[in-house]
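Just so you know, these numbers come straight off a predicted model, no measurement behind them.
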Amino acid sequence: MGSRVTRHRLALVAAVVVAGSVLSACGSTPAPAPTPTPSVATTSAGPKPTATATPLSAFEDRAPVQGLRAWGVAAGRAVDKHDTALRSLRAFTTPAGHAASLALLHTDLTSGYRWPGPQPFTPTEVSVQGAVASVVGCFQTSGWSVNPTTHHRVGKRVVGSYRVGMRQVGGKWRFDSVAASPGGCKKVVVREVTW
């Protein structure tokens with residue numbers, strides 16, 4: 001069943017493309033070398049995991065990354081509360097991003113899974129053009145959900161490269177879209193942060 005869930009989740013992530021969702025990488029910043037020290041990044045909005053001194057990446061001070069971290073925390077809390085309509089996530093998404101979030105989290109929500117923490121990812125490139133931004137990075141797409149009956153992770157740990165569109169609405173960066181991105185994640189460390 002784990003491999004079926006993994007394939008299903010990867011198919012959903014790759015299939016989610018919302019009109020106007022793929023942003024250009026104008027003015028992008030190249031990826032820094034990942035640091036081996038475990039840590040937790042704080043976000044400027046939303047619920048926060050406990051913070052430590054070393055940031056998760058060199059991009060943690062960038063507002064779009066902070067907005068995406070806030071979305072990741074809120075998404076994990078919504079899954080844990082079995083909020084199948086993701087009402088609590090609306091403050092962190094655009095309407096298009098809310099639809100994308102419903103597709104991304106569908107399996108976890110309908111299966112009653114839980115998350116042990118916020119969505120794990122490491123940004124490798126960030127570009128901003130006006131009120132839109134693109135965060136390219138390595139995201140853990142499988143092996144994060146926990147079956148509440150067995151208390152075991154569901155599926156094998158899989159990390160893939162994705163481009164997340166962020167849009168500034170009312171002065172706040174919100175999750176707007178996600179699409180698979182070329183590039184590898186073999187040398188990128190994606191840390192798992194727990195509640």
Side-chain angles (χ1 to χ4, degrees), residues 2-3 5-14 16 25 28-43 46-80 92 97 100-101 103-105 107-108 113-127 133-147 152-166 173 175 177-195:
S3 64
V5 171
T6 300
R7 285 193 308 273
H8 178 71
R9 176 177 271 174
L10 288 173
L12 277 175
V13 170
V16 175
S28 61
T29 307
T35 55
T37 308
S39 64
V40 178
T42 59
T43 58
K48 301 175 185 178
T50 304
T52 58
T54 307
L56 289 172
S57 77
F59 297 102
E60 299 307 305
D61 62 340
R62 304 289 298 270
V65 171
Q66 293 172 359
L68 185 53
R69 291 274 181 217
W71 174 88
V73 171
R77 297 290 188 203
V79 167
D80 288 352
F92 302 93
S101 298
L104 287 170
L105 304 176
T107 299
D108 290 337
Y113 296 148
R114 295 183 145 313
W115 282 13
Q119 170 69 52
F121 73 94
T122 299
T124 57
E125 178 183 308
V126 179
S127 61
S134 174
V135 178
V136 176
C138 296
F139 292 76
Q140 185 170 338
T141 59
S142 181
W144 186 237
S145 308
V146 174
N147 183 319
H152 291 100
R153 298 276 180 101
V154 178
K156 182 182 174 183
R157 185 176 197 264
V158 175
V159 173
S161 180
Y162 293 89
R163 179 181 302 275
V164 175
M166 299 293 288
W173 287 96
F175 178 89
S177 64
V178 63
S181 177
C185 292
K186 251 185 184 176
K187 296 182 180 180
V188 178
V189 176
V190 177
R191 294 177 188 84
E192 296 179 348
V193 176
T194 56
W195 304 125

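Closest heavy-atom contact between T122 and L56: CG2-O, 4.4 Å. In terms of heavy-atom proximity, C185 sits nearest to G160 at SG-C, 3.7 Å. Between Y113 and N147, the shortest heavy-atom contact is CD2-CA, 3.9 Å. Among all heavy-atom pairs drawn from T124 and C138, the shortest one is CG2-SG, 4.5 Å. Nearest heavy-atom pair, S161 versus G183, reported as atom, atom and distance to 0.1 Å: CB-O, 3.4 Å. Taking both residues in full, the closest heavy atoms of W144 and G117 are given as NE1-O, 3.2 Å, listed atom of the first, atom of the second, then distance.
For the pair R163 and S177, the minimum side-chain heavy-atom distance is 4.5 Å or more. Inter-residue side-chain proximity for F59 and L68 is flagged as unmet; no heavy-atom pair is nearer than 4.5 Å. Considering only heavy atoms from C-beta on, V73 comes within 4.5 Å of W195 through its side chain.
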- Could you check T107 against V154 for side-chain contact (heavy atoms from CB on, under 4.5 Å), going step by step and ending with a plain yes or no? CA-CA 11 Å; T107 299; V154 178; over 6 Å; no

- Query: Given the rule in the side-chain contact (heavy atoms from CB on, under 4.5 Å) test, do V164 and F139 qualify, once you have shown the distances and angles that lead to the verdict?
  - Reply: CA-CA 10 Å; V164 175; F139 292 76; 3.6 Å; yes

- Full working for side-chain contact (heavy atoms from CB on, under 4.5 Å) between L104 and F175: CA-CA 12 Å; L104 287 170; F175 178 89; 3.9 Å; yes

- Item | Derivation of the side-chain contact (heavy atoms from CB on, under 4.5 Å) call for S101 and W71 | CA-CA 10 Å; S101 298; W71 174 88; 3.1 Å; yes

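With a 6.0 Å cutoff to the six-membered ring centre and a 45° limit on the axis angle, R69 counts as a cation-pi contact of F121.
Applying the side-chain contact (heavy atoms from CB on, under 4.5 Å) criterion to A78, with sequence neighbours excluded, gives D83, L86, S88. For R157, the side chain to side chain donor-acceptor pair (under 3.5 Å) partners are Q140, E192, not counting sequence neighbours.
In terms of modelled atom types and a separation under 3.5 Å, the side chain of S142 and the main chain of K156 share a donor-acceptor contact. A donor-acceptor distance shorter than 3.5 angstrom exists from the side chain of D80 to the backbone of W115, with no hydrogens or angles considered.
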